[in-house]
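These notes concern the structure reproduced below.
Note that the structure is predicted; figures quoted are calculated from it, not measured.
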Amino acid sequence: ENKETGGGDDAFKRRFGKIVPLETLYKDTQKQLRKLRKSKKLVEREQTDPVKAYDQISKIEAQMQALFDRFNKAYREANK
């Protein structure tokens with residue numbers, strides 16, 4: 001008997017079965033967020049026109065928020 005799951009694979013699957021598939025989405029989301037953060041830092045460092053910088057950063061932040069929203073929605077659905 002597995003102490004962490006409270007009674008074996010069946011208990012584990014009942015408790016975490018819907019959450020485990022989120023691992024792939026989580027990893028993909030984190031990878032995309034890292035890429036967007038890099039892009040944002042690059043814009044902050046290299047864009048000399050403040051208006052263009054603001055526009056570019058706003059777009060990047062919107063993309064980041066969309067990724068957060070997508071993952072959070074999937075997580076909430078898995079925990080119902």
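Here the closest heavy-atom approach between residue Ala74 and residue Leu25 is recorded as CB-CD2, 3.6 Å.
The side-chain heavy atoms of Asp28 and Arg70, taken from C-beta on, include a pair separated by under 4.5 Å. Phe68 has its side chain within reach of Leu33: a pair of non-hydrogen atoms, C-beta onward, lies under 4.5 Å apart. In this structure, the side chains of Lys27 and Thr24 stay at 4.5 Å or more apart for every pair of heavy atoms.
Between atom OG1 of residue Thr29 and atom CG of residue Asp69 there is a gap of 11.0 Å, rounded to the nearest 0.5 Å. Rounding to the nearest 0.5 Å gives a distance of 9.5 Å between CD of Gln30 and CG of Leu67. Separating the OG atom in Ser39 from the CE atom in Met64 is a distance of 9.5 Å, to the nearest 0.5 Å. The distance from the CG atom of Asn72 to the CD atom of Gln65 is 8.5 Å, given to the nearest 0.5 Å. Separation of atoms OH (Tyr26) and NZ (Lys31) is listed at 14.5 Å; rounding is to 0.5 Å.
Within the hydrophobic cluster formed by Ile, Leu, Val, Met, Phe, Trp and Tyr side chains joined at under 4.5 Å, directly or through other members, Leu42 stands alone, with no partner residue.
Partners of Gln47 under the side-chain contact (heavy atoms from CB on, under 4.5 Å) rule, at least two apart in sequence or in another chain, are Val43, Asp49, Lys52, Ala53, Gln56.
Annotation for Glu23: atom CD does not count as buried by contact number, only 12 or fewer foreign heavy atoms lying within 6.0 Å.
Note on Ile57 and Tyr54: separate hydrophobic clusters, where clusters join Ile, Leu, Val, Met, Phe, Trp and Tyr whose side-chain heavy atoms are under 4.5 Å apart, directly or indirectly.
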